[in-house]
Q: 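Just dropping this structure here.
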Amino acid sequence: MAYNHKTELSKPERFAPGHRLCSGCGAGILCRAMTRALDEKDRAVIVNATGCLEVSSFLYPYTAWEDSYIHGAFENASAIASGVDAAIKMKKKKGDIEGEYKVLVIGGDGGTYDIGFQSLSGAMERGTDMTYFCYDNEAYMNTGIQRSSSTPRFASATTTPAGKVSTGKIQDKKDLTEIMAAHNIPYVAQTTYIGNLKDLHEKSHKAIYTPGAAFVNVMSPCPRGWQYPTEDLALLCKMAVETCVWPLYEVIEGQWYLNYEPKKKLPVEEFMKLQGRFRHCFKPGNEWTIEEAQAYVDKKWNRLLEKAK
């Protein structure tokens, strides 16, 4: 489907304003883009894992969601989606409902990379007809900015604080997009909030309208956890892409496609210096942290270039 910015923006909102998400948070942008990617005639059932988005968008009796909405636990959002998918198919078979119903699951990295990984992997392996969107803010932001397996190496979090004897988290970030691709599902994508959101919208639409299981991983900066001015959200996403910290690519039926290659790949410090969680890396004596971060990004980028068209 060709992307038309004017047409997409003219669609009625299905994620209403007035939610309680922080200023400068990317999750609300994803919700608007995710639901806007639906064809207007189609309905959706939203399954939301516990996290920042859930507590901010649905505080009974108030909701920001125009579509049917289910709040699940951290660990079982994908299992709930499997049940919803089965119920929709049965109701269609009985003639109880007509038209298209899409099952959309959304969760943060805590409920996706970690606590919800088992049910997510199971749903993907079973081929549940659902699209899982992860808003990856790289820590357990809702419960106090604790590190998750998505937190990058050297990031300072409340459970991996940087100090005199620590340079933040000691492990590299888990690559969940690659793990999902290894499930051999029809569609996997990685994107973020840049430009006119063309990449985000097109991948959301592809994922939703690909039969079977689909997964979209969206870098979603958090102003509190990453420690940046709220107005710098788009800049952070841009720098993540231009430094190749967060490449834009998709995997369609096992074939890897690179969607964007920077004309001039910027050094990783251009991304890191915008965030307070990496402030300690720029102190005298910690230069090695930036060097190692660069080496890791270069290794991952070169491997992606080998796999992708």
Side-chain angles (χ1 to χ4, degrees), residues 1 30-31 33-35 37-39 42 44-49 70 72 74-90 92 100-136 148-150 173-192 199-220 246-260 300 303-304 306-309:
M1 184 196 71
L30 172 56
C31 294
M34 174 184 79
T35 53
L38 290 158
D39 291 345
D42 295 340
V45 178
I46 311 293
V47 183
N48 189 181
I70 302 173
F74 259 125
E75 63 271 20
N76 68 345
S78 297
I80 292 171
S82 293
V84 172
D85 176 48
I88 289 172
K89 289 175 179 174
M90 182 56 66
K92 281 189 173 183
E100 285 295 317
Y101 287 79
K102 299 298 182 182
V103 182
L104 310 182
V105 190
I106 186 164
D109 51 284
T112 306
Y113 282 67
D114 296 341
I115 303 174
F117 178 74
Q118 181 176 348
S119 65
L120 170 62
S121 180
M124 296 293 105
E125 187 273 333
R126 291 189 298 272
T128 300
D129 192 3
M130 60 179 261
T131 302
Y132 194 110
F133 290 88
C134 175
Y135 63 99
D136 186 359
S148 74
S149 64
S150 173
K173 177 186 175 83
K174 180 193 288 186
D175 194 332
L176 186 60
T177 312
E178 285 200 8
I179 294 171
M180 289 295 103
H183 283 69
N184 299 313
I185 58 178
Y187 188 80
V188 176
Q190 190 164 284
T191 185
T192 188
D199 191 75
L200 173 60
H201 172 83
E202 289 188 334
K203 287 174 178 173
S204 297
H205 190 273
K206 282 183 186 178
I208 292 170
Y209 288 95
T210 294
F215 179 83
V216 182
N217 206 2
V218 188
M219 173 173 275
S220 190
W246 192 258
L248 305 181
Y249 69 91
E250 55 192 342
V251 185
I252 305 173
E253 299 291 352
Q255 180 62 59
W256 294 62
Y257 297 92
L258 183 64
N259 305 119
Y260 176 77
K300 294 287 291 183
R303 286 180 179 175
L304 177 59
E306 290 175 1
K307 289 187 285 189
K309 287 186 176 181

Q: Among residues at least two apart in sequence or on other chains, which ones pass side-chain contact (heavy atoms from CB on, under 4.5 Å) with Lys300?
A: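 Residues passing side-chain contact (heavy atoms from CB on, under 4.5 Å) with Lys300: Asp175, Glu178, Tyr296.
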Q: Going by heavy atoms in the side chains, are Phe133 and Ile208 under 4.5 Å from each other?
A: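 Phe133 vs Ile208: side chains touch.
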Q: What residues, two or more places apart in sequence or in another chain, satisfy side-chain hydrogen bond (donor to acceptor under 3.5 Å, both in side chains) together with Thr128?
A: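 Per chain and number, Thr128 pairs via side-chain hydrogen bond (donor to acceptor under 3.5 Å, both in side chains) with Ser82.
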Q: Check this for me: does any side-chain nitrogen of one of Asp85 and Arg126 sit under 4.0 Å from a carboxylate oxygen of the other?
A: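 So Asp85 does not pair with Arg126 through a salt bridge.
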Q: How far does OG of Ser220 sit from CG of Asp109, to the nearest 0.5 angstrom?
A: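 Spacing of OG (Ser220) from CG (Asp109) equals 9.5 Å.
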Q: Less than 3.5 Å apart, any donor N or O on the side chain of Ser149 or Asp114 sitting next to an acceptor on the other?
A: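 Checked: Ser149/Asp114 side chains pair up, N/O donor to acceptor below 3.5 Å.
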Q: Locate the shortest heavy-atom distance separating Gly107 from Ala49; write the atom from each residue and the value.
A: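 Nearest pair, atom of Gly107 first, then Ala49: CA-CB, 4.2 Å.
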Q: Search all heavy atoms of Lys173 against all heavy atoms of Ser150 and return the closest pair with its distance.
A: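 Smallest interatomic distance, heavy atoms only, reads NZ-OG, 2.6 Å.
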Q: Using the six-membered ring wherever Trp is involved, compare the ring planes of Tyr249 and Trp256 and label them parallel, tilted or perpendicular (cut-offs 30° and 60°).
A: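 Plane angle under 30°, so parallel.
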Q: Does Cys31 form a side chain to side chain contact (heavy atoms under 4.5 Å, CB included) with Ile106? I'd like the steps, not just the answer.
A: CA-CA 9 Å; Cys31 294; Ile106 186 164; 4.0 Å; yes
Q: Please assess Met34 against Ile46 for the test side chain to side chain contact (heavy atoms under 4.5 Å, CB included), listing each intermediate value before the final yes or no.
A: CA-CA 10 Å; Met34 174 184 79; Ile46 311 293; 4.2 Å; yes
Q: Given side chains that start at C-beta, do those of Gln190 and Leu304 come closer than 4.5 Å, heavy atoms only?
A: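 Result no, sub-4.5 Å side-chain heavy-atom pair not found.
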Q: Nearest 0.5 Å, what's the CG-OG1 distance between Leu38 and Thr131?
A: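 Rounded to the nearest 0.5 Å, the CG-OG1 separation comes out at 9.0 Å.
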Q: Please examine the side chains of Ile179 and Tyr113, heavy atoms only from C-beta on, and report whether any two atoms are closer than 4.5 Å.
A: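 When only atoms from C-beta onward are counted, Ile179 and Tyr113 do not touch, as no gap falls below 4.5 Å.
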Q: Out of curiosity, Tyr135 OH to Thr112 OG1, how far, rounded to the nearest 0.5 Å?
A: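 Reported value, rounded in 0.5 Å steps: 8.0 Å.
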Q: Indicate yes or no: at least one non-hydrogen side-chain atom of Gln255 is less than 4.5 angstrom from one of Glu250.
A: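 They are not in side-chain contact.
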Q: Of all heavy-atom pairs between Leu200 and Ala33, which one has the smallest distance, and what is that distance?
A: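 Closest pair (atom of Leu200, atom of Ala33, distance): CD2-CB, 3.5 Å.
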Q: For Lys203 and Val216, work out which heavy atoms get closest and say how close.
A: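 The answer is O-CG2, 4.3 Å.
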Q: Report yes if some heavy atom in the side chain of Ile88 is under 4.5 Å from a heavy atom in the side chain of Asp129; otherwise report no.
A: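 They are not in contact (no side-chain heavy atoms under 4.5 Å apart), so the answer is no.
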Q: Heavy-atom distance under 4.5 Å between the side chains of Glu100 and Asp39, does that happen here?
A: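 They are not in side-chain contact.
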Q: I want to check something: taking the side chain as every heavy atom from C-beta on, are Val251 and Phe215 in contact at a cut-off of under 4.5 Å?
A: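 In short, these two side chains do not touch, never coming nearer than 4.5 Å.
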Q: Kindly give the heavy-atom pair with the smallest separation between Val218 and Trp246, and that separation in Å.
A: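 Answer, listing the atom of Val218 first, then Trp246: C-CZ2, 4.1 Å.
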Q: Specify the closest pair of heavy atoms between Asn76 and Ser119, including all atoms of both residues, with the distance to one decimal.
A: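 Of all heavy-atom pairs spanning Asn76 and Ser119, the closest is CA-OG, 3.9 Å.
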Q: If we only count heavy atoms from C-beta on, is the His183 to Met180 side-chain gap below 4.5 Å?
A: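 His183 vs Met180: side chains touch.
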Q: Look up atom CG in Asp136 and atom OG in Ser148, then write down how far apart they are to the nearest 0.5 Å.
A: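 If we round to the nearest 0.5 Å, Asp136:CG and Ser148:OG are 7.0 Å apart.
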Q: Using the side-chain hydrogen bond (donor to acceptor under 3.5 Å, both in side chains) definition, which of the options Asp199, Asn259, Thr177 pairs with Thr191?
A: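 Among Asp199, Asn259, Thr177, the one meeting side-chain hydrogen bond (donor to acceptor under 3.5 Å, both in side chains) with Thr191 is Asp199.
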Q: Can you tell me how far CD of Glu75 sits from CG of Leu120, rounded to the nearest 0.5 angstrom?
A: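 If we round to the nearest 0.5 Å, Leu120:CG and Glu75:CD are 13.5 Å apart.
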Q: Thr192: what forms a side-chain hydrogen bond (donor to acceptor under 3.5 Å, both in side chains) with it, not counting sequence neighbours?
A: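 Thr192: no side-chain hydrogen bond (donor to acceptor under 3.5 Å, both in side chains) contacts found.
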Q: Is the side chain of Ser121 donor-acceptor paired with the backbone N or O of Phe117 at a distance under 3.5 Å, no angle test?
A: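 Not a single qualifying donor-acceptor pair exists.
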Q: Which distance, rounded to the nearest 0.5 Å, do you find between the CD1 of Ile115 and the CZ of Phe74?
A: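 With rounding to 0.5 Å, CD1 (Ile115) is 4.5 Å from CZ (Phe74).
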Q: Could you please spell out the steps behind the side chain to side chain contact (heavy atoms under 4.5 Å, CB included) verdict for Ile185 and Tyr132?
A: CA-CA 12 Å; Ile185 58 178; Tyr132 194 110; over 6 Å; no
